Asker: 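Sharing a structure, written as structure tokens. Questions coming.
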Amino acid sequence: MNAIASYDKTLDTHTLGIMAGVEAQSKEMDQFEAYRRYYISDQVTELDAGSTVDMTNNGYSWKENRLNYFGRFNYNYLERYLLEFVWRYDGSYRFPKDKRYGFFPGLSAAWRVSEENGWKNSFGFIDYFKLRASIAQTGNDALLDADGDYDRSIQYLSTFSTNASSMIFGGNQAMGIYPSRTPNSAITWERGTTYNLGLDFKFLNNRLTWETDVFYHKRTDMLISRNASLPEITGITLPRENLGKMENKGIESLISWSDRLGRDLQYDLSFNMTYTRNKILFWDETPGIPDYQKSTGMPVYAELYYVAEGIFHTQEEVDASKHWPGARPGDIRFKDVNGDGVTNADDRVRRNKTPEPWFVGGFNVTLKYKNWDLMALFQSALGAEIYIQTWSGTVGNFLKDYYDKRWTPENPNASGPRTYERENQYWISNRNTYFLRSGDYLRLKNMEIGYTIANDALSKAGVQQIRLYTNGSNIFTLDKLKVYDPEANDASLVAYPQRRYFNFGISATF
């Protein structure tokens, strides 16, 4: 960084002059090349900042520094009243000195009501009852770039990048350096505050257990860029700012039952679920867009789609409607949402569903009967919406379901659109609701059945027991996708699918 800063101060006038198109004298070029070789090739300790002559490698490095203080205080009175206070004082190199440290406290309290005098006499069928409440803050300094990769740039400093082909001297390309971001000297920690209220019950001699938590999480000062409201024609790369606000709220619950039937059958059943919804409270929006396209008030990652209204079956239908330029029979018909008689980007609507489900649940079964044992895990998710659109045509195949429903001149009343060539059709290159599918599913994730042999003959041979078993994973799935794994999120179906497999085995204990 010191070398880059020195280079910038020394060569600022030369760089500006060259970028402005001012002709440089031969002597100035020689000086510039000398500076370039010295400050970039020799002083900057990164492989990608070196000369491009005979370059066959690349590389970069970084250093990160943080300073954290933390502590905890606990109080317990008779296992009846519980109190805990935790705190963190974190410093991050990503923020300027006056914004570098953040204090993040947390407080939790619990009351074991069932330990109060007289409880068991009044509520004998309730063996255990505890109320819990907490509030806590956390801080975030991590950034992700547009591709979802970790961004290690320092937003409060003027940063510079190199370009291997930015200038030409003597017929050869020369590496240049340019400012890559406008700094933000006010950047600081992103904060998340979580409120939680919970209760724990145990009934009927601890056979029935119920745990439930209701939570509300709010993120403030989220580190985002003000890109939507700034026209791209400015050419400015903005830094992150503490702009965003969002919330996440929901409920988590676990119910389990453990008991015996007679001497031989023991069973355990449990059901766990989470229902959660998130919403953007404030985001940088494009000025002037209609309300039905705004992301504020919608789930994170909610996207814009054209609304599909079936297909054009005949040329007469195309001619009689306001349609996308070049539409023809077999194409998907887009709805004119704003009623202006034109189908364009203003007709896209932001959906309130995303690939993330609202509800996830699991059901566990464990049975033991004499020498037999069984374990099974079912999992489910509801509320997700998945976009499925393969890259097809001369480049690849179509899905059978799509092919069977396709429009053709011989089958003009088909329910699905015609076949297409890659993304050349408007209804392929523009995301629309026709390709949205429900991500709801129920899956038998794991199952195992075993039989244990233990007798005197084995004991005499030095073997305590032998267990024969068979198990499997991803045994079956009930869903509406049929050809796609509902746990994945890949529109083109190139993700490696879930594997279904079965094992048979034997184990011995000596």
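Remember, predicted model here, so these are calculated numbers, not experimental data. All values below come from the heavy atoms of this structure, side chains included, with hydrogens, waters and symmetry mates left out.
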Asker: Taking all heavy atoms of P96 and all of S185, pick out the closest pair and write down the distance.
Answerer: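 Here P96 and S185 meet closest at CG-O, 3.2 Å.
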Asker: To the nearest 0.5 Å, how far apart are OG1 in T390 and CD1 in I388?
Answerer: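 Going from the OG1 atom of T390 to the CD1 atom of I388 covers 9.5 Å.
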Asker: What closest approach, in Å, do G102 and W189 show between heavy atoms, and which atom pair accounts for it?
Answerer: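 Between these two residues, the closest heavy atoms are N-NE1, 3.4 Å.
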Asker: To the nearest 0.5 Å, what is the distance between CG (L238) and CD1 (I224)?
Answerer: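 Spacing of CG (L238) from CD1 (I224) equals 11.5 Å.
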Asker: As a quick check of understanding, evaluate side chain to side chain contact (heavy atoms under 4.5 Å, CB included) for L444 and F378, giving each step before the final call.
Answerer: CA-CA 5 Å; L444 177 54; F378 295 85; 3.7 Å; yes
Asker: For Y402, check ring-ring contact (aromatic ring centres under 6.0 Å, His included) against everything at least two apart and list the hits.
Answerer: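 Y402: ring-ring contact (aromatic ring centres under 6.0 Å, His included) contacts with F398, Y420.
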Asker: Could you check if a side-chain atom of Y387 sits within less than 4.5 angstrom of a side-chain atom of T433, using non-hydrogen atoms only?
Answerer: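 The answer is no; the side chains never approach within 4.5 Å.
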Asker: Work out which heavy atom in I332 is nearest to a heavy atom in A308; give both atom names and the distance.
Answerer: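 Scanning both residues completely, I find the closest heavy atoms to be CG2-CB, 3.7 Å.
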Asker: Under 6.0 Å from the six-membered ring centre of W391 and within 45° of its axis: does the NZ or CZ of R422 meet both?
Answerer: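 Pair R422/W391 counts as cation-pi.
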Asker: Does Y306 have its ring centroid less than 6.0 Å away from the ring centroid of F334?
Answerer: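 Yes; F334 has its ring centre under 6.0 Å from that of Y306.
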Asker: Using a strict 4.0 Å threshold on nitrogen-to-oxygen distance, state whether R437 and E385 make a salt bridge.
Answerer: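 No, this pair does not count.
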Asker: Between N338 and D336, is the side chain to side chain contact (heavy atoms under 4.5 Å, CB included) condition met? List the steps.
Answerer: CA-CA 6 Å; N338 60 3; D336 181 10; 3.0 Å; yes
Asker: Taking atom types as modelled and ignoring hydrogens, do the side chains of S473 and N446 form a donor-acceptor contact shorter than 3.5 angstrom?
Answerer: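 S473 vs N446: donor-acceptor pair found between side chains.
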Asker: Run the side-chain donor-acceptor check on residues 293-305: report pairs under 3.5 Å with partners two or more places apart or on a different chain.
Answerer:
{"residue": "Q293", "atom": "NE2", "partner": "A345", "partner atom": "O", "Å": "3.0"}
{"residue": "Q293", "atom": "NE2", "partner": "D346", "partner atom": "O", "Å": "3.4"}
{"residue": "Q293", "atom": "NE2", "partner": "R348", "partner atom": "O", "Å": "2.9"}
{"residue": "K294", "atom": "NZ", "partner": "D291", "partner atom": "OD1", "Å": "3.4"}
{"residue": "S295", "atom": "OG", "partner": "E285", "partner atom": "OE2", "Å": "3.0"}
{"residue": "T296", "atom": "OG1", "partner": "E285", "partner atom": "OE2", "Å": "2.8"}
{"residue": "E303", "atom": "OE1", "partner": "R431", "partner atom": "NE", "Å": "3.1"}
{"residue": "Y305", "atom": "OH", "partner": "R431", "partner atom": "NH2", "Å": "3.4"}

Asker: Should the pair Y216 and Y195 be assigned to parallel (<30°), tilted (30 to 60°) or perpendicular (>60°) ring geometry?
Answerer: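 Aromatic pair Y216/Y195 classed tilted.
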Asker: How far apart are the C-alpha atoms of E487 and K445, what are their side-chain angles, what is the distance that settles it, and do they pass the salt bridge (Lys or Arg N to Asp or Glu O under 4.0 Å) test?
Answerer: CA-CA 12 Å; E487 291 187 76; K445 185 67 175 180; 3.8 Å; yes
Asker: Answer whether the closest heavy-atom distance between the side chains of T193 and T220 falls below 4.5 Å.
Answerer: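 T193 vs T220: side chains apart.
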Asker: Evaluate side chain to side chain donor-acceptor pair (under 3.5 Å) for R100 paired with Y156, printing each intermediate quantity in order.
Answerer: CA-CA 11 Å; R100 183 157 296 168; Y156 71 91; 3.1 Å; yes
Asker: Any side-chain hydrogen bond (donor to acceptor under 3.5 Å, both in side chains) involving residues 270-281? Give me the pairs, sequence neighbours left out, ordered by first then second residue.
Answerer: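 Sorted pair list: N248-T276.
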Asker: List the atom pairs, with distances to 0.1 Å, where a side-chain N or O of residues 82-95 and a protein N or O form a donor-acceptor pair under 3.5 Å, not counting sequence neighbours.
Answerer:
{"residue": "R88", "atom": "NE", "partner": "D90", "partner atom": "OD1", "Å": "3.4"}
{"residue": "R88", "atom": "NE", "partner": "D90", "partner atom": "OD2", "Å": "3.1"}
{"residue": "R88", "atom": "NH2", "partner": "D90", "partner atom": "OD1", "Å": "3.3"}
{"residue": "S92", "atom": "OG", "partner": "R94", "partner atom": "N", "Å": "3.2"}
{"residue": "S92", "atom": "OG", "partner": "D141", "partner atom": "OD2", "Å": "2.5"}
{"residue": "Y93", "atom": "OH", "partner": "E64", "partner atom": "OE2", "Å": "3.4"}
{"residue": "R94", "atom": "NE", "partner": "D141", "partner atom": "O", "Å": "3.1"}
{"residue": "R94", "atom": "NH1", "partner": "D151", "partner atom": "O", "Å": "3.1"}
{"residue": "R94", "atom": "NH1", "partner": "S153", "partner atom": "O", "Å": "3.4"}
{"residue": "R94", "atom": "NH2", "partner": "Y150", "partner atom": "OH", "Å": "3.0"}
{"residue": "R94", "atom": "NH2", "partner": "D151", "partner atom": "O", "Å": "3.3"}

Asker: Using 4.0 Å as the upper bound for N to carboxylate O, is an ion pair formed by E115 and K130?
Answerer: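 Not counted as a salt bridge, because no side-chain N and carboxylate O are separated by less than 4.0 Å.
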Asker: Rounded to the nearest 0.5 Å, what's the gap from NZ on K99 to OG1 on T188? Could you check?
Answerer: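 K99 atom NZ to T188 atom OG1 measures 6.5 Å (nearest 0.5 Å).
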Asker: Between A384 and D440, what is the shortest heavy-atom contact and its length?
Answerer: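 Answer, listing the atom of A384 first, then D440: N-OD1, 3.9 Å.
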Asker: Would you compute the distance between atom CD of E211 and atom CG of L199 and round it to the nearest 0.5 angstrom?
Answerer: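 Here the rounded value is 9.5 Å.
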Asker: What distance do R351 atom CZ and L436 atom CG have between them, rounded to the nearest 0.5 Å?
Answerer: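 CG of L436 is found 5.5 Å from CZ of R351.
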Asker: Any non-hydrogen side-chain atom of K480 less than 4.5 Å from a side-chain atom of Y441?
Answerer: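 A side-chain contact under 4.5 Å is absent here.
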Asker: Should D213 and R132 count as an ion pair when the cut-off is N to O under 4.0 Å?
Answerer: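 Answer for the salt bridge query: yes.
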Asker: Step by step, would you call S253 with T212 a side chain to side chain donor-acceptor pair (under 3.5 Å)?
Answerer: CA-CA 4 Å; S253 190; T212 295; 3.0 Å; yes
Asker: Answer whether the closest heavy-atom distance between the side chains of W358 and K353 falls below 4.5 Å.
Answerer: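 Touching, per the 4.5 Å side-chain cut-off.
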Asker: Provide the closest heavy-atom pair for N196 versus F215 in the form atom of the first, atom of the second, distance.
Answerer: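 N196 and F215 have their closest heavy atoms at OD1-CB, 3.6 Å.
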Asker: Measure from the side-chain N and O atoms of W324 to the backbone N and O of W427, and report whether any donor-acceptor pair falls under 3.5 Å.
Answerer: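 Looks like no, no N/O pair under 3.5 Å.
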Asker: Taking the side chain as C-beta and beyond, is there a heavy-atom pair between D485 and R443 under 4.5 Å?
Answerer: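 Of all side-chain heavy-atom pairs linking R443 with D485, at least one is under 4.5 Å.
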Asker: Do P183 and P239 touch side chain to side chain, with heavy atoms closer than 4.5 Å?
Answerer: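 They are not in side-chain contact.
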Asker: K218 vs L281, test: side chain to side chain contact (heavy atoms under 4.5 Å, CB included). Steps then yes/no.
Answerer: CA-CA 9 Å; K218 185 175 182 179; L281 301 178; 3.8 Å; yes
Asker: Which value, rounded to the nearest 0.5 Å, describes the distance between L131 atom CG and L197 atom CG?
Answerer: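 Atom-to-atom, L131:CG and L197:CG are 7.5 Å apart.
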Asker: How close do S229 and D284 get, counting heavy atoms only, and between which atoms?
Answerer: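 Closest approach of S229 to D284, heavy atoms only: OG-OD1, 2.8 Å.
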Asker: Hey, are D347 and K335 close enough for a salt bridge, meaning a charged N less than 4.0 Å from a carboxylate O?
Answerer: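 No.
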Asker: Is a side-chain donor-acceptor pair under 3.5 Å present for Q137 with R191?
Answerer: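 Judged by distance alone, the side chains do pair up.
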Asker: Carefully, step by step, assess L208 and I255 under the rule side chain to side chain contact (heavy atoms under 4.5 Å, CB included).
Answerer: CA-CA 7 Å; L208 176 62; I255 300 176; 4.1 Å; yes
Asker: Quick check: do N140 and M222 have side-chain heavy atoms less than 4.5 Å from each other?
Answerer: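 No, every pair of side-chain atoms sits at 4.5 Å or beyond.
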Asker: For residues P357 and L382, determine if any side-chain heavy atom of one lies less than 4.5 Å from a side-chain heavy atom of the other.
Answerer: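 A side-chain contact under 4.5 Å is absent here.
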Asker: Please identify each residue that fulfils side-chain hydrogen bond (donor to acceptor under 3.5 Å, both in side chains) with E241, with sequence neighbours left out.
Answerer: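 Scan of E241 (side-chain hydrogen bond (donor to acceptor under 3.5 Å, both in side chains), adjacent residues dropped) gives R226.
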Asker: Not counting sequence neighbours, which residues clear ring-ring contact (aromatic ring centres under 6.0 Å, His included) with F203? List them please.
Answerer: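 If we apply the ring-ring contact (aromatic ring centres under 6.0 Å, His included) test to F203, skipping adjacent residues, the hits are F201.
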Asker: Counting neighbours of OH on Y69 that are heavy atoms of other residues, nucleotides or ligands and sit closer than 6.0 Å, is the number greater than 12?
Answerer: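 No - once you tally the heavy atoms of other residues, nucleotides and ligands closer than 6.0 Å, there are 12 at most.
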